[in-house]
Amino acid sequence: MNNDYKKFWKDNNSENWKCVWEQYKSQDSVQKNSKLEREMDEFNRNKVLLWTVEQFNTFMEKYFQWKYTASNRYATTIKIYQEMSGFEKELCLMYMKDFVKALDSKQDFENKEEYIRAGFRFADLIPGLGTAGQSGLLSILFPKKFGTVDQKVVTALERCGVNTGIPERRKESLLVKDGILLEKIMINKAIELNKKSSSDFWTPRKVDQVLWVMGGKDYILQS
């Protein structure tokens, strides 16, 4: 089975990747939140620049619901967020607006580690988000520049023969340096897939969705 994964990763066959990507929407947790999933997929970050604190708050509560499908994890995280003062939320919104404007003004983003680091620094301002939660927020804001990193992504990469150097004990609680490494891997893979297929279809976000499917406990890659 591992050889199938390694071939899949190495071949960069866009059609094979699309076959797995299309399975993302059929995953149980995605189907249960299909309306919210669609809302996040279609999110327009330009709206952020016009948001009030109340609109920011509404979005963040939806984001927590989307990202943390386990009820206990959601309850813990949303509680931390709701304990923020109005002033603290206003500051987070201000930094979000600044980050969106700054990153949209950069045309030379691809695989520039400083921008990935800047993304994690911004997302770290919102309490309750670990590295996985921070990357998820970044992937909603900038799906062409960030993917979501988590345990399943690491597992899928290992199955594909990619050495991330992330030890087993850290998979469930990734460090920022792990997130940066995984983001770079997904950015590079999106570039490779687009280059081979002469398209612009692939983004780090779509790559992460493929890896998320492939990292499932009972998933078997069809050769």
Would you indicate whether [X], at its atom [atom1], is surrounded by more than 12 heavy atoms from other residues, nucleotides or ligands within a distance under 6.0 Å?
{"X": "Lys10", "atom1": "NZ", "value": "no"}
{"X": "Asn163", "atom1": "CG", "value": "no"}
{"X": "Tyr95", "atom1": "OH", "value": "no"}

With a 4.5 Å cut-off on side-chain heavy atoms, are [Y] and [X] touching?
{"X": "Phe122", "Y": "Leu138", "value": "yes"}
{"X": "Trp21", "Y": "Phe201", "value": "yes"}
{"X": "Tyr115", "Y": "Phe146", "value": "no"}
{"X": "Met214", "Y": "Val210", "value": "yes"}
{"X": "Phe43", "Y": "Pro143", "value": "no"}
{"X": "Leu181", "Y": "Thr164", "value": "yes"}
{"X": "Leu193", "Y": "Val207", "value": "yes"}
{"X": "Ile126", "Y": "Met60", "value": "yes"}

Open item on the list: Check the orientation of Phe64 and Tyr68. Use parallel for under 30°, tilted for 30 to 60°, and perpendicular for over 60°.
Closed with: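 Phe64 and Tyr68: parallel rings.
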- [ ] Classify the angle between the aromatic ring planes of Trp51 and Phe59 as parallel (below 30°), tilted (30 to 60°) or perpendicular (above 60°).
- [x]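 Taking Phe59 first and then Trp51, their aromatic rings sit tilted (interplane angle of 30° to 60°).
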Flag, side chain of [X] to backbone of [Y], donor-acceptor distance under 3.5 Å:
{"X": "Asp178", "Y": "Leu175", "result": "yes"}
{"X": "Asn57", "Y": "Val53", "result": "no"}
{"X": "Ser173", "Y": "Arg170", "result": "no"}
{"X": "Tyr63", "Y": "Gly133", "result": "yes"}
{"X": "Thr58", "Y": "Glu54", "result": "yes"}
{"X": "Gln65", "Y": "Glu61", "result": "no"}
{"X": "Arg45", "Y": "Leu141", "result": "yes"}
{"X": "Asn33", "Y": "Leu36", "result": "no"}

TODO: Start with the C-alpha distance between Val162 and Glu158, add both sets of side-chain angles, then the distance that settles side chain to side chain contact (heavy atoms under 4.5 Å, CB included), and finish with yes or no.
DONE: CA-CA 5 Å; Val162 179; Glu158 289 176 345; over 6 Å; no
Open item on the list: Starting from Ile80, can I reach Leu129 by hopping between I/L/V/M/F/W/Y residues whose side chains sit under 4.5 Å apart?
Closed with: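 No: no chain of side-chain contacts under 4.5 Å links Leu129 to Ile80.
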TODO: Measure from the ring center of Tyr74 to the ring center of Trp66 and say whether it is less than 6.0 Å.
DONE: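 Not under 6.0 Å, so no.
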Measuring from atom [atom1] of [X] to atom [atom2] of [Y], what distance do you get when rounded to the nearest 0.5 angstrom?
{"X": "Lys18", "Y": "Glu22", "atom1": "NZ", "atom2": "CD", "answer": "8.0 Å"}
{"X": "Leu157", "Y": "Ile185", "atom1": "CG", "atom2": "CD1", "answer": "5.5 Å"}
{"X": "Thr69", "Y": "Gln27", "atom1": "OG1", "atom2": "CD", "answer": "11.5 Å"}
{"X": "Ile166", "Y": "Lys177", "atom1": "CD1", "atom2": "NZ", "answer": "9.5 Å"}
{"X": "Ile180", "Y": "Ser135", "atom1": "CD1", "atom2": "OG", "answer": "11.5 Å"}
{"X": "Thr203", "Y": "Ile191", "atom1": "OG1", "atom2": "CD1", "answer": "11.5 Å"}

TODO: For the pair Asp208 and Lys189, find out whether any cationic side-chain nitrogen is under 4.0 Å from an anionic carboxylate oxygen.
DONE: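 Looking at Lys189 together with Asp208, the answer is no, because their closest N to O distance does not fall below 4.0 Å.
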Task: Carboxylate-amine/guanidinium proximity below 4.0 Å for Lys171 and Asp150 - done: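 Looking at Lys171 and Asp150, the cut-off is not met.
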Task: Test log, rule salt bridge (charged side-chain N to carboxylate O under 4.0 Å, His left out), inputs Asp41 and Lys206 - done: CA-CA 10 Å; Asp41 275 349; Lys206 288 177 178 174; over 6 Å; no
Heavy-atom closest pair, residues [X] and [Y]:
{"X": "Lys144", "Y": "Pro204", "result": "O-CD, 3.3 Å"}
{"X": "Ser14", "Y": "Ser197", "result": "CB-CB, 3.7 Å"}
{"X": "Gln31", "Y": "Lys25", "result": "CG-O, 3.2 Å"}
{"X": "Phe56", "Y": "Cys92", "result": "CZ-CB, 3.8 Å"}
{"X": "Leu50", "Y": "Gln55", "result": "O-OE1, 3.7 Å"}

Task: salt bridge (Lys or Arg N to Asp or Glu O under 4.0 Å) partners of residues 193-202, not counting sequence neighbours, each pair once - done: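 Every pair satisfying salt bridge (Lys or Arg N to Asp or Glu O under 4.0 Å) with a residue in residues 193-202: there are none.
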TODO: Enumerate the residue pairs fulfilling salt bridge (Lys or Arg N to Asp or Glu O under 4.0 Å) with a member in residues 79-94, sequence neighbours excluded, ordered by first and then second residue.
DONE: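 Of all non-adjacent pairs touching residues 79-94, those that pass salt bridge (Lys or Arg N to Asp or Glu O under 4.0 Å) are Lys79-Glu83.
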Residues [X] and [Y]: side-chain donor-acceptor under 3.5 angstrom:
{"X": "Glu37", "Y": "Tyr24", "answer": "yes"}
{"X": "Thr148", "Y": "Ser139", "answer": "yes"}
{"X": "Arg73", "Y": "Thr77", "answer": "yes"}

TODO: Please name all residues satisfying side-chain contact (heavy atoms from CB on, under 4.5 Å) with Ala118, sequence neighbours left out, ordered by chain then number.
DONE: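 For Ala118 the side-chain contact (heavy atoms from CB on, under 4.5 Å) partners, ignoring immediate neighbours, are Phe99, Arg121.
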TODO: Would you please test Leu211 and Met186 for side chain to side chain contact (heavy atoms under 4.5 Å, CB included) and show each step?
DONE: CA-CA 9 Å; Leu211 294 175; Met186 291 189 290; 4.1 Å; yes
Open item on the list: Using side chain to side chain contact (heavy atoms under 4.5 Å, CB included), reason through Ile116 and Ile187 one step at a time and then give a plain yes or no.
Closed with: CA-CA 10 Å; Ile116 302 174; Ile187 290 169; 3.8 Å; yes
TODO: Please report the C-alpha distance between Glu183 and Lys145 in whole Å, then the side-chain angles of each, then the deciding distance to 0.1 Å, and finally whether the side chain to side chain contact (heavy atoms under 4.5 Å, CB included) criterion is met.
DONE: CA-CA 9 Å; Glu183 292 290 355; Lys145 297 177 179 178; over 6 Å; no
